[in-house]
Structures are given as structure tokens and as C-alpha cells.
Visitor: 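The structure is given below, and queries will be raised subsequently.
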Amino acid sequence: MTETPTAPQRNELPPAWNPAEVEAGLYQRWVERGYFTADASSDKPPYTIVLPPPNVTGSLHMGHALNHSVMDALTRRRRMQGYEVLWLPGMDHAGIATQNAVERSLAGEGRSRHDLGREKFVERVWEWKAEYGGKILDQMRRLGDGVDWSRERFTMDEGLSRAVQTIFKKLYDDGLIYRAERIINWCPRCQTALSDIEVDHSDDEGELVSIRYGSGERSIVVATTRAETMLGDTAVAVHPEDERYQHLIGTEVEVPLTGRYVPIVADEHVDPKFGTGAVKVTPAHDPNDFEIGQRHDLPALTVMDGRGVITAKGPFEGLDRFEARPAVVAALREQGRIVAEKRPYTHAVGHCSRCDTVVEPRLSMQWWVKVEPLAKAAGDAVRDGRTKIHPAELSKRYFDWVDNLHDWCISRQLWWGHRIPVWYGPGGEVVCVGPDEQPPSGEGWVQDEDVLDTWFSSGLWPFSTMGWPERTDELAKFYPTSVLSTGYDILFFWVVRMMMFGLYAMDGKQPFDDVFLHGLIRDQYGKKMSKTRGNGIDPLDWMDTYGADATRFTLLRGTSPGSDLAVAEEWAAGSRNFTTKLWNATRFALGNGATVARPLPPREALTDADRWVLDLLDELVTEVDAHFESFQFAKLSEALYHFTWDEFCDWYLELAKVQLAEGGVRAEATQSVLGHVLDVLLRLLHPLTPFITETLWTTLTGGESLVVADWPRASGAERDAVAAARIEGLKKLVTEIRRFRSDQGLKPAQKVAGKVRGACCVDLLDQVPAVRALTRMTEPGEDFAATVSLEVGLPKGTVTVELDTSGAIDLAAERKRLAKDLAVAEKERAQCEGKLGNPSFTDKAPAEVVAKIRTRLEAANAEIERIHARLESLPQS
RNA sequence: GGGCGCGUAGCUCAGUGGAAGAGCACUCGGUUUACACCCGAGCGGUCGCAGGUUCGAAUCCUGCCGCGCCCA
């Protein structure tokens, strides 16, 4: 393998990190070296994720970018931990969406799919797929997804189609697939049935019209939002215990405009509190009415065709449903039948999730999956803990769903998809054909025209992609998969279906051990991103501007199980700043001889600063591991960010400068510590930000690649509390001196002569040189004359800093500073005295809490005394 | 209508019984030889409201108000 120019040699880091120039080359190299290709014959423990297959028509949006960042982070860490990782990519064929896309392009040529015929149309779809489909796969490469491209799958591929036919046959033979005439959700635009979950409900403005049926004492008023369906009414229903209507139950009433008489039936389903307590019943055009119709043996009268056009004979025939509605109302008004009208009236209306057309409930013959036994098994797998949902709170929602699942309508009146493998014979025979069986031939045999719901095939994804129904090595090695990661909004769409099919097809083995549900992406004001709002952000824009690493880090940094995350341009810029910081820190370290070539010196040969930073690093490793195990990406990102910026860069690098300046053994040890910390840090960051870490780490270590490097482990060294206390003391001292300088208006670069007194008494003697360096304090000369002395209270005592500011100090600023400190100390004293003055506190609170408050009070008192003395000693201005 | 969740700094969010935190934004100062995509110092909060439990409540309980999501 030849080195590409994207791999800089040691100590040759360019001054700035330029992701656009480097990312593509790094990714290509990873793929070429086969790092992402899984080996089914490996002895390593398996770790498997199947990618929720994106839609073949789709392109990468923020939700994908988030989910892919999660999966890539999970798989990269496991790979580094020595697992045999399979992350399997692919796409689903998106029946309706793809057919729509191709029909649109045909419409541009003035043709319809019917002009082409079924066979030619399907060919055309495959051509479309080859040319335009799968844009998202290239976008995944930009993000850095470590997927196994050699195992890419598509739901319409031969092997997966065979899996579909196999499971259909098995379910059919087991009596779990049946054909029945029922009310389904029908999209008049897509001209197909939809399942419940392909319907989105929204509160729309409509009308509520109250209509008098019958006349005189025999009349009854019903309210409806869909007046036009009255043409298909076959009953009026009231609640059986509704006293208003007892005398009418069992009688017949005239349906206006139709001349038909229909019975008034009593049904528990009717809500007596809604409207007049009486409802019209249209069994062929409403799911609830259909059920009432079944219970009362009512006829179902279809008055509309598949395009939503009225077919009932009479004046309304040929009108679209939305034209028919006002026409019917007008006709009723003319007859004095309208009792009340409420307009606008807001109510829930179902829309096709693909094209937003108002869904029409429609009576038709469809294929169904009997979900009850499958759903029960899906619920049990989670109840038993074989599959764990993260966050666990969403399990309840999962149970509510699977325990109340309606049978699943799986037939679609489309041409693009898996055709239902059922043949009908001339004598009314129905034959379901398995994958290796010959369909019945001969006169009069025809195959069912319909195709299967896309979810029917993607529900098989965790095992169809690994060769099922064959018993493949892949299945043996990689099933059940380890984690399924997706947004909580499609828990029901997809997760439940995979659970049902996985348990059914794989002998009760769950399709995944863990389900990680992340939240939805929102804008900086917490609003959902949507086209209509215009607040969407394209992750590709972010990658162009800030790099893939910054994009990934931004998303992961906001990701807690189940909670939504708000993102904005500024967030991405902040992540880019973080990558820049990491770049510069590493560049600085390398420029000063940071190395991993020598082993770390023994602990006793290290400074307090060295031991402190190494201990923090150990804690970081432990913390990152814990957060990975619990899918707490926000917390682990935050921990890494905080360590890198606030501890390593802000403090250790500054302290290292002092140690490097000492030269000799001290400098060499420091170079080793720098090299070691960066080595571990870059490994820890790699799953989140793979590109920049790869570049920095290969330069630092000369190693082959971080992708296949080992995941760090905590050293196990005992934490050095003394070193930690000293560094905390140093920080406090430095911060206080800087604060004084800032308040006094001293320029940051201005050097000031000074003395530090009392450091030995608070165990900070060794830290004094670093304190001086970090506060630009020079050695006092012969003419040193302290113009101010600054007292810094530390846990073990007070350090006094005398400074020669070569002139009068700003007394007003100094008084203000002291007054502020005094106010803080006095508030502290009041709080502590309040507590200690309360006998029930001292009696009942744990002894260590009381002792802590006592210590705090003493410290506050000392501080107050000290500040008073200082204030009095200040010259009067 | 049923269920779940949320209300903490200007914005987005951590913190789930013993000193109110972070990032971004904002103010002031800065050409500090890693970094101005930066450094240093600051400002900013009766933790939605009202009760209760407790020595002690952002944290636990009850009610109310507001917001969101899922289901009907």
C-alpha cells in the first residue's frame, strides 16, 4: 500500500486542519484496506448493526446524519476493542415513493404507467434506480460511515426477494396471512391501500353539520364532518342507554336526499355526550361505522370510487368528494334539513404520509397479517429483557403498541414491489407459492396483481440481509444483531415489525439485543425542522463548511437517549473550533518533541502536574466507557471536550511549557507524558471524530491506522490525591492573580515583578515557578518595592503575593474587588451560621455534613477578617 | 378524552436530597511565538406557580398553569 499525500509524515502537520482536502482520501484508504469488511469465520466476538435501510429515493438529512454518527461511533469503538464488527448497509425500495418518482418522470413525457404496461414500467423503475437512486450511499461515505460495502443489500434484490416469498409462504401456511374485505386507508392519489402507520393525522379545519333525518316525531338529528357520505348511510346509531332515543330504537328513519329508510340501532360505541348523541352509519366509508355495521348486520353501500368520485346514482354522481360535500349540504339546506353548522370545525384528519392527500377510508379486499401471536412474542422479548430498549421509559409505549396492534394490511395496489405470491385458479382455487415451487400453470390461472408493503420486506432486514432463509455463516456469526439504532418516531414503523418477523423466522431469537432510540433534530428554538418552516439544515452544508468530524461531534454532543436535540449553525462552528483546538494542541506537542517511542517514566519520576493529568486521563477512560455502554453520547462528548480543552490545553500544556523549559530529564519525561496523553485522547475521540484523529494519531505514533488501533484502558494506577490538591491550589492561585491583574487594568502581556510568600505552608512550594510563569511574574530585582499585596485563601492557609506594579494601583478597583469577595464570604457565613444555629440540623444531619459546614464557617470567618484588614490597610484615596 | 414527557442564565441543555453548572450569546482587556476557529477576566438565575414532606428541596409528594409528543 502506497502512502497517499493525505498522510503527513511525523512532525509535518500543516498549520491548519483542512478537512475538505483530507477526508475523502482517508475514507478511501480505510475502505481499500478492508477495515470495514467483516469476517464471518473470525474467532473474535461479533458486534453487529444493520443500518436502518434508507429510502432509495432519499438523500441524507440531519436525522440520518445523527443516527449514522451514533452507529459509526458504536462500531468504531467495538472494532478497536477487538470485536468482529459487521455494520451492514443497504436501502429499501420504497414502493410508493419510488413509483411516484418514476410516474412523475413519465408524466413529463406525457405518459402514464398504464401506457407502458407493468413489465416495462418495472424495468423503467430499475433504470431510474440505477441512475438516480442511492444518492445517500455516497453521502454516507462523506460522513465516514465504516460500513461493510461488500455486503450492501437492497430489499428488491434476488436474495431478499426470496426471503420475502419464503416468509409469506410460511405465514400463509401457518394461518397468519389471510385475505379479507375490510375498511382500509386508501390514498385516492396514490391509488393504493395504506397501513395505519402510513397515515399521518393532523388537526384540520372542516365543518360540523347537524342534519335532521326523518320528520316529525320520527326525526333524529345527526352531526357529521363528512356530509357527502350520507349517500351511503345504512343506519343511524344511538347509545343503548340514551333515554332521549329509547322510543326510536328499532324504528326506521328516512335518509334525506336518498329516499331510503334505514334502521335506528343501539350501539355501545356511540358517545351520547358528543353532539346530539346520534350518529349516521356509513359502513363502507368509515372504520367505526364498518364495525357498527358488522355488529348489526347492516349492508355496506359504496358511494365513491377509488379516485374519491361519487358513484351513487343521482345529482351528485361524478362529483369529487370535496365538491360533493358542499353540494350535499346545499341541497339539504334547501330542504330545511340543516339544524346547525359549525364552521370552521377543527378535527383530526388522516393524510397519506407520502403525498399528503386526505386519506379515504374504503371498503376493499386486501391481504392481512394476523399480528396477535407475533406481537405477543415481540412484547415478551422486551418483557423478558432479551431485547432492551434505551431509554427504558419508552418500553411502556412499546408495550402499549404491541399489545393493541391491529392486523396489518400488507397489500398495495402498486407495481413496484414484491408481488404477492398467490395464484387464483379458474375454479376459485387459491394457491400460495413458495420460493422453490412452480406456480400453477394452465388456462385461467392468474397471479394476484398486488405487491407487498415495503415494511414487509424491510421487517426481514436483520436476517434477510445475511442470507436467510439459507443457513449462512453470516447468520451463525452475526445474528442476533447487537444494537438497532433509530429515532423514537419509528419505533412502531420498523422496530416492531423487525421484532415480530425476527422472532418468528429465527426460531424465537430476537433480532437485536439493544434498541437505542435517539430523539429528533430541532432548530435552535426547539422547533421541528421542516420544509414548510424553512428551518431545515442540510448536513452536507455543514460538512462542506466545518468538516465531517465537526458535524458528527455536534450531533453526538446533543444526543441523550430519547430526548430531542436542538442544533444550529453556531453549534457546528463550536465543534469545528474544538477540532481546531485539538489540532493546534497536537501540533504544539509534536513541535516540542512529544513522543510515544519511550515508555512513560515511573510515577515517582513525574511531577505533580504529570500525575494529575494522567489521573484525569484515567478517569476519562472510565467515564467514556461507562457512557458508551449506556448510550450517553452527550455526556461522553462533553467529558472529552472538557478534558481536552479545560484541563489538557488550558492547564497541562501551559505547565508542560515550564517543564520543557527546564530541559534535561524533566523535558524528556514531559515529552513522554504529552505523547501518552495525546495517544490515549486521540483513541478515545476517534469513534466520534475519525478523520482528524486519524491524521493526528498516525503522525504522532507512526501507527498504521486508528481504525484498527486498540481501545485504551485505564492504567489502574492509584489516584494521586496530593498531586490533584496541589494542582487545584495552583489553579486557584493563578486565577486569583490573573483576576487581580485584570481588575487593575494590567495588560495581559505586561510582566510584573513579584514575590510569593507562604507557598510552603500550603504545600505549593514546587508549584511556585509555574505560578510565576502563568501569571507573567518576574523575579524581584534590587529595587523591588511592593505596591500591593494580594492574599489568596486556600484550603490549607493563605498565600500572599506581593507585586511591584511600578506605580499607584487603582485603589477604587481594588476596593471593589475586595468588597465583592467580602460579600461572597459574608453570604457564606450567614448560610453556615443559619444552619449551625438550628439545633435540629446539628442533631439530625449526618456528622460529616455538620463538620463540613463548620469548616466552611471557619474559612468564611477567616476570609472576612482578612478582607477587613486589607481594606483598612489600603491608603485613603 | 387517555397515556407519556418537559418547564433551571438571553438561547440550547446538564444537574434527581446536603455550596446553582456547561456550550453558545453578551461586556471588558489582549499581535502572550500551539491556537483570534484564540487567550485572560467578567456580567447573567426567588430552578413555572402554590402548598406539603424533611434539620435541609432545583431534586421527593399533591394541586394548578404553560408547552411538547404518542394514541383515540
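Chain letters run A, B, ... following the sequence lines, proteins first and then strands; every chain starts at 1. This one's a predicted model, so the numbers in the text were calculated from it and none came from an experiment.
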Visitor: First locate atom CG of A:Leu565, then atom CG of A:Leu520, and finally report the distance between them rounded to the nearest 0.5 Å.
Guide: 8.5 Å
Visitor: Please pick, from B:A41, B:C24, B:G3, the nucleotide with the shortest atom-to-atom distance to any side-chain atom of A:Thr735.
Guide: B:A41
Visitor: Taking NZ from A:Lys635 and C1' from B:G23, how many angstroms apart are they, rounded to a whole number?
Guide: 16 Å
Visitor: Figure out the CG/P separation between A:Leu555 and B:U12, and round it to whole Å.
Guide: 18 Å
Visitor: In whole angstroms, how far is the C1' atom of B:A34 from the CG atom of A:Leu681?
Guide: 15 Å
Visitor: Relative to A:Trp408, does A:Arg497 satisfy both conditions: NZ or CZ under 6.0 angstrom from the six-membered ring centre, and within 45 degrees of the ring's axis?
Guide: yes
Visitor: Side-chain donor-acceptor pairs under 3.5 Å in residues 392-399 of chain A, sequence neighbours left out?
Guide:
unit_1: A:Ser395; atom_1: OG; unit_2: A:Ala392; atom_2: O; d: 2.8
unit_1: A:Tyr398; atom_1: OH; unit_2: A:Ala378; atom_2: O; d: 2.7

Visitor: With RNA chain B as reference, determine whether A:Tyr488 or A:Ile853 sits nearer its 5' end, using the nearest nucleotide of each.
Guide: A:Ile853
Visitor: Report the distance from atom CZ of A:Arg739 to atom P of B:U27, rounded to the nearest whole Å.
Guide: 22 Å
Visitor: If you check the A:Arg522 side chain, which of B:C35, B:G42, B:G68 turns out closest?
Guide: B:G68
Visitor: From CG of A:Asn18 over to C1' of B:C37, roughly how many Å is that when rounded to an integer?
Guide: 13 Å
Visitor: From the set B:G3, B:A19, B:G23, return the single nucleotide nearest to any side-chain atom of A:Arg397.
Guide: B:G3
Visitor: Send over the distance from A:Glu570 CD to B:G10 C1', rounded to a whole Å.
Guide: 13 Å
Visitor: At a heavy-atom distance below 4.0 Å, what parts of residues 640-659 of chain A sit against RNA chain B?
Guide: A:Tyr641, A:Trp645, A:Cys649, A:Asp650, A:Leu653, A:Glu654, A:Lys657
Visitor: Which nucleotide in the list B:G23, B:A34, B:C70 gets nearest to the side chain of A:Lys581?
Guide: B:A34
Visitor: Over all strands shown, is A:Arg587 touching base, sugar-phosphate only, or nothing at heavy-atom distances under 4.0 angstrom?
Guide: sugar-phosphate
Visitor: Among B:C38, B:U12, B:C43, which is the nearest nucleotide to the side chain of A:Ala566?
Guide: B:U12
Visitor: Anything under 3.5 Å between a protein N or O and an N or O of nucleotides 53-59 of chain B, put it in a table, one pair a line.
Guide:
unit_1: B:C55; atom_1: OP1; unit_2: A:Lys844; atom_2: NZ; d: 2.5
unit_1: B:C55; atom_1: O4'; unit_2: A:Ser840; atom_2: O; d: 3.4
unit_1: B:C55; atom_1: O2'; unit_2: A:Asn838; atom_2: ND2; d: 2.9

